[in-house]
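What you see is a predicted model; the values in this text were computed from it and never measured.
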Amino acid sequence: MITERVLGRLTARLRRVYGDGPPEPEDLAQAAVEKLAGRATGDIENVDAYLFRTAVNMGLNQIERARVARRYAEFVLTGAHAPVVEETTPEDVYSGRERLERLKRALNTLTPKQRTIVARSRLRGETYAEIRAATGWSEADISRQLKAALARLQDELDPDPEGNGR
């Protein structure tokens, strides 16, 4: 059980480390006591040392969070974050539609099994084990089919191996 005397000693030690704050020594002491209350104390040899180290670490974390927040605020206030505004041109829209049509045609060259595997793996983010559980296909087969499907899609979408476009 943590007494007022123990809490007072802890606060005094934290005041020597952090002064009057921030972080506030009283708040750190209280947070350390709450953390101690949430765990079994049988394996702690020195409760005072545990409380002090916990509170110091919490204080260091608060200082680091404040430093990061301050740097971010400076970054925002200096205007360095100004987003690059990209203008969408009719050519960009047309090019995007063309790429989408090529992808659609490429997907249609796959077998139904390959389309299912690509959709589950790449679009839904399922693992091989999840696909196996849903379909009954072996993980080795799923791997082979996915590899073949991705190779076919790559060939269909970029037939020029040197990447010079169409």
Side-chain angles (χ1 to χ4, degrees), residues 1-93 95-97 99-100 103 107 115-140 142-147 149-151 153-154 157-158 163:
M1 180 159 107
I2 305 300
T3 64
E4 286 296 320
R5 191 167 149 233
V6 170
L7 195 58
R9 279 195 326 250
L10 177 59
T11 302
R13 289 180 70 190
L14 292 170
R15 195 170 303 288
R16 284 193 297 272
V17 173
Y18 295 113
D20 289 331
E24 305 294 328
E26 294 83 6
D27 293 343
L28 291 175
Q30 186 63 40
V33 168
E34 288 173 8
K35 184 167 184 169
L36 177 67
R39 67 170 284 175
T41 58
D43 60 337
I44 298 175
E45 292 179 24
N46 185 335
V47 173
D48 287 352
Y50 174 86
L51 287 171
F52 180 69
R53 177 51 43 203
T54 299
V56 166
N57 287 343
M58 289 176 167
L60 292 173
N61 288 342
Q62 284 184 16
I63 289 169
E64 178 62 17
R65 281 193 301 273
R67 187 181 66 76
V68 169
R70 200 171 27 258
R71 276 196 346 214
Y72 179 72
E74 289 171 4
F75 176 73
V76 168
L77 292 174
T78 60
H81 74 290
V84 176
V85 178
E86 293 182 20
E87 187 176 316
T88 303
T89 64
E91 291 83 13
D92 294 336
V93 173
S95 174
R97 285 184 180 164
R99 285 193 310 272
L100 191 56
L103 176 60
L107 285 170
R115 277 196 300 271
T116 299
I117 292 171
V118 168
R120 285 180 173 272
S121 172
R122 295 301 191 247
L123 301 178
R124 294 182 192 165
E126 292 180 10
T127 64
Y128 290 171
E130 291 169 329
I131 297 170
R132 178 181 45 89
T135 62
W137 302 325
S138 73
E139 289 185 33
I142 292 168
S143 176
R144 277 191 304 272
Q145 292 290 334
L146 181 60
K147 184 178 178 182
L150 294 176
L153 290 174
Q154 182 66 39
L157 294 174
D158 187 20

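- Residues Leu51 and Val6 approach most closely at CD1-CG1, 4.2 Å, considering heavy atoms.
- With a 4.5 Å cut-off on side-chain heavy atoms, Glu130 and Arg124 do not count as touching.
- Leu14 and Ala29 get closest at one heavy-atom pair: CD1-N, 3.7 Å.
- Annotation: side chain of Leu60 is in contact with side chain of Tyr18 (closest heavy-atom distance under 4.5 Å).
- Residue Tyr50 holds its OH atom at 8.5 Å from CG of Asp43, rounded to the nearest 0.5 Å.
- Leu7 places a side-chain heavy atom less than 4.5 Å from the side chain of Gln30.
- Residues passing the side-chain contact (heavy atoms from CB on, under 4.5 Å) test with Asp20, sequence neighbours excluded: Arg15.
- When side chains are defined from C-beta on, Leu28 counts as touching Gln62, because their heavy atoms get closer than 4.5 Å.
- Contact of the Ile131 side chain with the Leu146 side chain is not registered, since no non-hydrogen atoms from C-beta on lie closer than 4.5 Å.
- Within a 6.0 Å sphere centred on CD of Glu64, heavy atoms belonging to other residues, nucleotides or ligands number more than 12.
- In this structure, the side chain of Asn57 does not engage the main chain of Thr54 through any donor-acceptor pair within 3.5 Å.
- Closest approach of Gly59 to Pro23, counting heavy atoms only: CA-CG, 3.7 Å.
- Leu107 is listed as a side-chain neighbour of Leu153, based on a closest heavy-atom distance under 4.5 Å.
- The environment of Arg67 atom CZ is dense: over 12 non-hydrogen atoms of other residues, nucleotides or ligands sit within 6.0 angstrom.
- Inter-residue side-chain proximity for Val118 and Leu123 is flagged as unmet; no heavy-atom pair is nearer than 4.5 Å.
- The minimum heavy-atom distance linking Arg132 with Trp137 is given by the pair CG-O, 3.0 Å.
- Side chain to side chain, Ser95 and Asp92 fail the donor-acceptor criterion of an N or O pair below 3.5 Å.
- Closest approach of Met58 to Ala31, counting heavy atoms only: SD-CB, 3.6 Å.
- Between the OG atom of Ser121 and the CD atom of Gln145 there is a distance of 12.5 Å, given to the nearest 0.5 Å.
- Side-chain contact between Leu150 and Arg122: present, with at least one pair of heavy atoms (C-beta onward) separated by less than 4.5 Å.
- Among residues two or more places apart in sequence or in another chain, the side-chain contact (heavy atoms from CB on, under 4.5 Å) test is passed with Ser143 by Tyr128.
- Atom-to-atom distance recorded for Arg120:CZ and Ile142:CD1 is 9.0 Å, nearest 0.5 angstrom.
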